[in-house]
Asks: 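Here it is, the structure, as structure tokens.
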Protein chains: 4
Amino acid sequence: MASGGVNKVILVGNLGRDPEIRYTTNGNAVANVNLATTRRYRGREGQQQEETEWHRVVMFSRLAEIAGEYLRKGSQVYIEGRLQTRKWQDNNGNDRYTTEVVANEMQMLGGGGSGGGRGGGGGWDQSAPSDFDQTPPQGGGGSPGGGGGGQPDFDQDFEDDIPF
Amino acid sequence: MASGGVNKVILVGNLGRDPEIRYTTNGNAVANVNLATTRRYRGREGQQQEETEWHRVVMFSRLAEIAGEYLRKGSQVYIEGRLQTRKWQDNNGNDRYTTEVVANEMQMLGGGGSGGGRGGGGGWDQSAPSDFDQTPPQGGGGSPGGGGGGQPDFDQDFEDDIPF
Amino acid sequence: MASGGVNKVILVGNLGRDPEIRYTTNGNAVANVNLATTRRYRGREGQQQEETEWHRVVMFSRLAEIAGEYLRKGSQVYIEGRLQTRKWQDNNGNDRYTTEVVANEMQMLGGGGSGGGRGGGGGWDQSAPSDFDQTPPQGGGGSPGGGGGGQPDFDQDFEDDIPF
Amino acid sequence: MASGGVNKVILVGNLGRDPEIRYTTNGNAVANVNLATTRRYRGREGQQQEETEWHRVVMFSRLAEIAGEYLRKGSQVYIEGRLQTRKWQDNNGNDRYTTEVVANEMQMLGGGGSGGGRGGGGGWDQSAPSDFDQTPPQGGGGSPGGGGGGQPDFDQDFEDDIPF
DNA sequence: TTTT
DNA sequence: TTTT
């Protein structure tokens, strides 16, 4: 009961911190990437304004591994993916929703992004394998764990206000 | 401190209900549109799966007026816009985030979508006027701002159930 | 010597005529689709203008078969693909170039597009199979290759009038 | 007599040569940019293949001026625009068609692209002004002039095979 | 809550 | 050659 459609996101931005890589019990990699895009526009009185938007990007499998090897805080990257809103429960049992971009393509830009990477030769396929079910491993995963929460420690010299 | 970038969303889907239109104190229209896209994929055992994703789409100004006149529950529409995550406080004073697609272009599809519309002659420009500051009227813009925290006034008559 | 990149085309338009389907010697389907998009803009004196653009869209394999079954003249469709410029020689031996959109995704819109189709049950996957090399079968693939130069065999029964 | 639609191109690639800037009699700038994108794919026998595609990109007005100032051979750039096929006559009076991407947005990538530019501070608006009729100045423009043609002189150390 |  |  659904009529298809298109759900596409295209981002070009910079990483707010190094990617975080985890592995599912099946051994599939999952990468969380924090990406900033900035929009410049002219305000009501003609003054230049800018507004930075932070995006949660999730990658799976081969794409996640590549992100883990080659992307670093500050890397500029092109991401293509789809919007996905996950439901989870906070500590009070309230439903919460988090919207992420599930990436299915990535291009490192600027010749940069390397520096921390393995640097190994090219030859890698930048698309997620098609035989991989890209649904994020439900359960636990993204939900904040037990007590205290914890302040983000990743925003030191890149940005002071990453919300995620 | 920001290096530009690209923040683009492209959706083709169907409205889950009629658009909701409000007006800012400046008389600018704001439309909230609830859009479904469905993804079909093959699960691990090869069985057909499908997953519907719901998107919050916000439109301003001329585009919001067109949405209010021509879109109805079930209308199929092409939307282009950008991702924007708004921060707000829930009743317990906790930070909450809601991600929306701020539309800047729209195409009605399927010859449909009409039926409830004014039907008046064509001639309308489907793009947001370029002299319009598409930033949602931040705080103040008619906001009652009464009691402690609570939903952002943007949402008060749109959402009464979580999430969309 | 090439640094990757992104080459993406997104079209929503109507078919100018029924798709034309051929088969390679390997039995892979190839569809040629002629798609119109119309742009409305305001001219220098503020008058409404419109301009129709015609696009050559090429599909392969499963996607081509779906196009052949379900698309008809007038069908509204969403196409995603990449730009590809083919070189060929005209009858005078001069190099000529033709730019096409090689589709890798398709969505039929408007509930329409049917009418001529087989109508058979759903369940089809609208993406090109990932194990298919989407490069058009270069030279040979059934080409008669008769006389001197001339239109590439790809085009022989699609085009009889220039350009589309 | 036309039903709208979407005609969108998104490219991320590198310039094959410096942009060429001309001015219309109205003083509006027109830039021609030659952009390479490379696709990597796996061939029938599993071997890595790559294919470079060259795109003709045209920019007008403010966007063209920015291109002229900041882009150079080798610059990496994000381009968003629409497909447009122009008709012209060759020296034998035959109709010829050239497909171009008419850009309406641009983002310089990699922190690079500078080097030859004026380097002046930011603050520029990367979108084409909305009051500009983006139809390319018809007549002459793209058609190859009189005798001799002339070999391209731009492919020295970047690429040997730019077709345009 | 949509749609095929 | 499409479509509204």
Side-chain angles (χ1 to χ4, degrees), chain A residues 1-7 85, chain B residues 11-20 32-40 48 50-57 70-79 107-115 117 119-124 126 158-164, chain C residues 11-20 32-40 48 50-57 70-79 107-115 117 119-124 126 158-164, chain D residues 1-7 85:
Chain A
M1 260 89 161
S3 104
V6 174
N7 174 359
T85 298
Chain B
L11 303 173
V12 174
N14 298 279
L15 273 71
R17 42 171 150 157
D18 289 355
E20 300 180 12
N32 287 285
V33 167
N34 219 315
L35 198 70
T37 58
T38 302
R39 182 169 76 102
R40 298 197 183 82
Q48 271 273 127
E50 74 177 43
E51 204 174 83
T52 294
E53 194 66 38
W54 288 96
H55 308 272
R56 297 178 68 110
V57 179
Y70 295 99
L71 297 184
R72 292 292 172 265
K73 181 204 273 206
S75 297
Q76 192 181 35
V77 73
Y78 168 95
I79 292 285
Q107 291 284 339
M108 287 171 296
L109 302 173
S114 48
W124 39 275
Q126 292 167 309
F158 181 68
E159 285 294 299
D160 47 11
D161 50 0
I162 299 290
F164 302 121
Chain C
L11 302 173
V12 174
N14 298 279
L15 272 72
R17 42 172 152 155
D18 288 356
E20 300 180 11
N32 287 285
V33 167
N34 220 314
L35 198 70
T37 58
T38 302
R39 184 171 73 102
R40 298 197 183 82
Q48 272 271 126
E50 72 176 44
E51 206 174 83
T52 294
E53 194 67 38
W54 288 96
H55 308 272
R56 294 179 72 110
V57 179
Y70 296 99
L71 297 184
R72 292 292 172 265
K73 181 203 275 206
S75 296
Q76 191 180 36
V77 73
Y78 167 95
I79 293 285
Q107 291 283 340
M108 288 170 296
L109 303 174
S114 48
W124 38 275
Q126 293 167 310
F158 180 69
E159 288 292 297
D160 47 11
D161 50 0
I162 300 292
F164 300 124
Chain D
M1 259 91 159
S3 103
V6 174
N7 175 357
T85 299

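Below, read A as the first sequence line, B as the second, and so on, with proteins coming before strands; counting in each chain starts at 1.
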Asks: Please report the distance, rounded to the nearest Å, between CZ in C:R39 and P in F:dT2.
Replies: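 Atom-to-atom, C:R39 to F:dT2, this comes out as 21 Å.
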Asks: Is the shortest side-chain heavy-atom distance between B:L11 and A:N7 below 4.5 Å?
Replies: yes
Asks: Between F:dT1, E:dT2, F:dT2, which nucleotide gets closest to the side-chain atoms of C:A36?
Replies: F:dT2
Asks: Of the nucleotides E:dT4, E:dT1, F:dT2, which has the atom closest to the B:R40 side chain?
Replies: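 Nearest listed nucleotide: E:dT4.
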Asks: For the pair made of CD in C:E50 and C1' in F:dT2, what is the distance, rounded to whole Å?
Replies: 12 Å
Asks: Rounded to the nearest 0.5 Å, how far apart are CG of C:L15 and CG of C:L35?
Replies: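 These two atoms lie 6.0 Å from each other.
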Asks: Starting from P on F:dT2, measure out to CD on C:E53 and report it in whole angstrom.
Replies: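 Rounded to the whole Å, the gap is 16 Å.
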Asks: Please check this pair: side chain of B:E51 against backbone of B:R39, looking for a donor-acceptor N/O pair closer than 3.5 Å.
Replies: no
Asks: Whole angstrom is fine here: how far is it from CD in C:Q76 over to P in E:dT4?
Replies: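 The distance from CD of C:Q76 to P of E:dT4 comes to 14 Å, rounded to the nearest Å.
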Asks: Starting at CG of B:D18 and ending at C1' of E:dT2, how long is that distance when rounded to a whole Å?
Replies: 11 Å
Asks: Could you give the NZ-to-C1' distance, from B:K73 to E:dT4, as a whole number of Å?
Replies: 16 Å
Asks: Could you check how far CD of C:E51 sits from P of F:dT4, rounded to whole Å?
Replies: 20 Å
Asks: Applying side chain to side chain contact (heavy atoms under 4.5 Å, CB included) between B:N34 and each of B:R17, B:H55, B:E20, B:K73, report the one that passes.
Replies: B:R17
Asks: Counting side-chain heavy atoms from CB outward, which of F:dT2, E:dT1, E:dT2 is closest to B:R17?
Replies: E:dT1
Asks: What is the distance, to the nearest angstrom, from the CG atom on C:N34 to the P atom on F:dT2?
Replies: 11 Å
Asks: F:dT4, E:dT1, F:dT1: which one has an atom nearest the side-chain heavy atoms of B:W54?
Replies: E:dT1
